[in-house]
Amino acid sequence: MTQTDDGLTIRFAGRPVPATGVVLYSVTAYDAAGEQGGQIGAKFQDGKQIAFFVFDFGAGAQTNLPGAPEVSGKAVQMSIDDGDLGPLEGVQVGSWSAAYTVDGQDVGVCPGGIDSLPFPG
């Protein structure tokens, strides 16, 4: 994950979009104080995108994002403008964690559990 003043870029490598089933690529991110946070995700069903979103933990609401993640081989990249980041708009990310979920089961997480990594990292 990289952050600039323009927004976030999140890249999942080595985890292709499967032709069958439901897969979710998601990142949970918070500011340094852990007060502002949300989940950014892209969801696919049977190889086709069905959601690209930001979920605001504080408001308990999901906002669908414009555009689509870039899918190339075994990589999925999400680029989100700062103005579309909801609870993370204008916020420097302080910690994050990522998950690759297939048919409701986390099959890949970074780091290797629910702990968050310091950012940048």
Side-chain angles (χ1 to χ4, degrees):
M1 184 171 76
T2 57
Q3 183 175 24
T4 66
D5 290 341
D6 295 329
L8 288 176
T9 299
I10 301 162
R11 181 174 172 81
F12 285 82
R15 299 289 185 171
V17 175
T20 60
V22 177
V23 63
L24 172 66
Y25 300 82
S26 64
V27 167
T28 299
Y30 287 92
D31 67 346
E35 296 172 355
Q36 296 176 322
Q39 181 185 51
I40 301 158
K43 194 174 201 178
F44 298 82
Q45 182 173 9
D46 298 334
K48 295 183 171 75
Q49 178 189 321
I50 59 172
F52 183 36
F53 64 90
V54 172
F55 185 83
D56 182 333
F57 294 141
Q62 177 175 308
T63 301
N64 293 320
L65 296 170
E70 179 183 331
V71 178
S72 178
K74 292 184 177 183
V76 173
Q77 182 168 302
M78 297 179 263
S79 297
I80 305 98
D81 291 336
D82 187 69
D84 291 328
L85 286 171
L88 299 169
E89 180 179 351
V91 172
Q92 180 66 42
V93 172
S95 63
W96 63 273
S97 61
Y100 174 73
T101 306
V102 178
D103 294 327
Q105 299 294 315
D106 288 344
V107 296
V109 293
C110 179
I114 60 170
D115 297 323
S116 294
L117 291 173
F119 187 79

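Just so you know, these numbers come straight off a predicted model, no measurement behind them. Note that the numbering runs from 1 along the sequence shown for the chain.
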Student check: side-chain heavy atoms of [X] and [Y] closer than 4.5 Å:
X      : Y     : answer
Phe52  : Met78 : yes
Tyr25  : Arg15 : yes
Phe55  : Thr63 : no
Pro87  : Val54 : yes
Gln77  : Thr9  : yes
Met1   : Val93 : yes
Val102 : Val22 : no

Problem set entry | Qualifying residue for side chain to side chain contact (heavy atoms under 4.5 Å, CB included) with Pro66, from Asp81, Asp84, Ile80 |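 Single side chain to side chain contact (heavy atoms under 4.5 Å, CB included) partner of Pro66 among Asp81, Asp84, Ile80: Asp84.
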For this session: Using side chain to side chain contact (heavy atoms under 4.5 Å, CB included) as the criterion, point out the one residue from Ile40, Asp31, Asp56 that pairs with Leu88.
Result: Ile40
Which atoms form the tightest heavy-atom contact between [X] and [Y], and what is the distance?
X      : Y      : answer
Gly37  : Tyr30  : CA-CD2, 3.5 Å
Gly21  : Asp103 : CA-OD1, 3.4 Å
Val109 : Ala99  : CG1-CB, 4.1 Å
Pro69  : Ala42  : CG-CB, 3.5 Å
Gly67  : Gln49  : O-NE2, 4.0 Å
Val91  : Gln3   : O-NE2, 2.8 Å

For this session: Starting from the C-alpha separation in whole Å, work towards a yes-or-no answer on side-chain contact (heavy atoms from CB on, under 4.5 Å) for Asp6 and Asp82.
Result: CA-CA 5 Å; Asp6 295 329; Asp82 187 69; 6.0 Å; no
Exercise. Side chains of Thr101 and Asp106: donor-acceptor distance under 3.5 Å anywhere?
Worked result: yes
Exercise. Is there a donor-acceptor contact under 3.5 Å linking the side chains of Gln62 and Asn64?
Worked result: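 On atom types as modelled, these side chains qualify, holding a pair under 3.5 Å.
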What's the separation between atom [atom1] in [X] and atom [atom2] in [Y], rounded to the nearest 0.5 Å?
X     : Y     : atom1 : atom2 : value
Ile50 : Gln45 : CD1   : CD    : 4.5 Å
Ser79 : Arg11 : OG    : CZ    : 10.0 Å
Phe53 : Gln39 : CZ    : CD    : 4.5 Å

For this session: Measure from the ring center of Phe12 to the ring center of Tyr100 and say whether it is less than 6.0 Å.
Result: no
Exercise. Is there a side-chain contact (heavy atoms from CB on, under 4.5 Å) between Leu24 and Phe44 once you walk through the steps?
Worked result: CA-CA 6 Å; Leu24 172 66; Phe44 298 82; over 6 Å; no
